[in-house]
Amino acid sequence: MQIRYTKAAAKALMKMPTNAAQLIRMKIQQYAADPASLANNVRKLQGREEEYRLRVGDWRVIFSQDGVILDVLKVRPRGSAYED
């Protein structure tokens, strides 16, 4: 699966601590390679069409996927991840 980052997600990854950003990127790549490997950390978001969240410690990655492309929409701390 190909991974694309929105400007907001890329900016958030650049601003956060390096070790957290590396862990998040690694988990996103792991999910893209084998979605079943992180199935217990991924949930479909209610009330949003085709959006999912990946839990990485205290961080949440909001993304959408179509089987070919995984679009990373947002990377935020747990408390503010679901606000728009």
Side-chain angles (χ1 to χ4, degrees):
M1 212 181 304
Q2 182 182 354
I3 302 170
R4 290 192 310 201
Y5 294 88
T6 61
K7 285 184 180 181
K11 187 174 179 182
L13 285 168
M14 295 297 287
K15 285 186 171 185
M16 71 176 57
T18 306
N19 59 345
Q22 287 177 340
L23 178 63
I24 290 170
R25 283 190 183 101
M26 185 185 74
K27 292 293 185 180
I28 291 169
Q29 290 171 353
Q30 180 182 350
Y31 181 80
D34 182 18
S37 67
L38 293 173
N40 60 337
N41 288 328
V42 174
R43 295 244 167 105
K44 187 170 185 339
L45 294 178
Q46 292 184 349
R48 298 186 189 188
E49 195 170 320
E50 298 304 315
E51 285 188 11
Y52 300 84
R53 73 109 169 104
L54 169 63
R55 184 177 58 141
V56 182
D58 287 338
W59 294 91
R60 300 297 181 263
V61 178
I62 309 298
F63 68 93
S64 64
Q65 63 181 357
D66 64 2
V68 178
I69 298 173
L70 186 138
D71 285 315
V72 178
L73 305 173
K74 293 187 250 182
V75 178
R76 292 193 178 165
R78 185 184 69 180
S80 65
Y82 309 106
E83 299 169 359
D84 273 77

Considering non-hydrogen atoms only, spot the tightest contact between Met1 and Gly67 and give its length.
CG-O, 3.9 Å

Return the CD to OH distance between Gln46 and Tyr82, rounded to the nearest 0.5 Å.
11.5 Å

Quick test of your reading: applying salt bridge (charged side-chain N to carboxylate O under 4.0 Å, His left out), list the pairs with at least one residue in residues 41-56, sequence neighbours left out, ordered by first then second residue.
Arg48-Glu51, Arg48-Asp84

State yes or no: do Ile28 and Ile69 share one hydrophobic cluster built from I, L, V, M, F, W and Y residues joined by side-chain heavy-atom distances below 4.5 Å, directly or via other members?
no

Out of Asn41, Val61, Leu38, which residue meets the side chain to side chain contact (heavy atoms under 4.5 Å, CB included) rule with Tyr31?
Leu38

In this structure, CG of Leu54 is separated from CD1 of Ile62 (nearest 0.5 Å) by 9.0 Å

Nearest 0.5 Å please: distance from the CZ atom of Arg60 over to the CZ atom of Arg76.
13.5 Å

Here the gap from Asn19 atom CG to Ile24 atom CD1, rounded to the nearest 0.5 Å, amounts to 9.5 Å

Any chance you could measure Gln65, atom CD, to Ile3, atom CD1, to the nearest 0.5 Å?
11.0 Å

When rounded to the nearest 0.5 Å, the distance separating CG of Leu45 from CZ of Phe63 is 8.5 Å

Per the salt bridge (charged side-chain N to carboxylate O under 4.0 Å, His left out) rule, what does the pair list look like for residues 1-28, sequence neighbours excluded?
Arg4-Asp71

Taking the side chain as every heavy atom from C-beta outward, state whether Pro77 and Trp59 have any atom pair closer than 4.5 Å.
yes

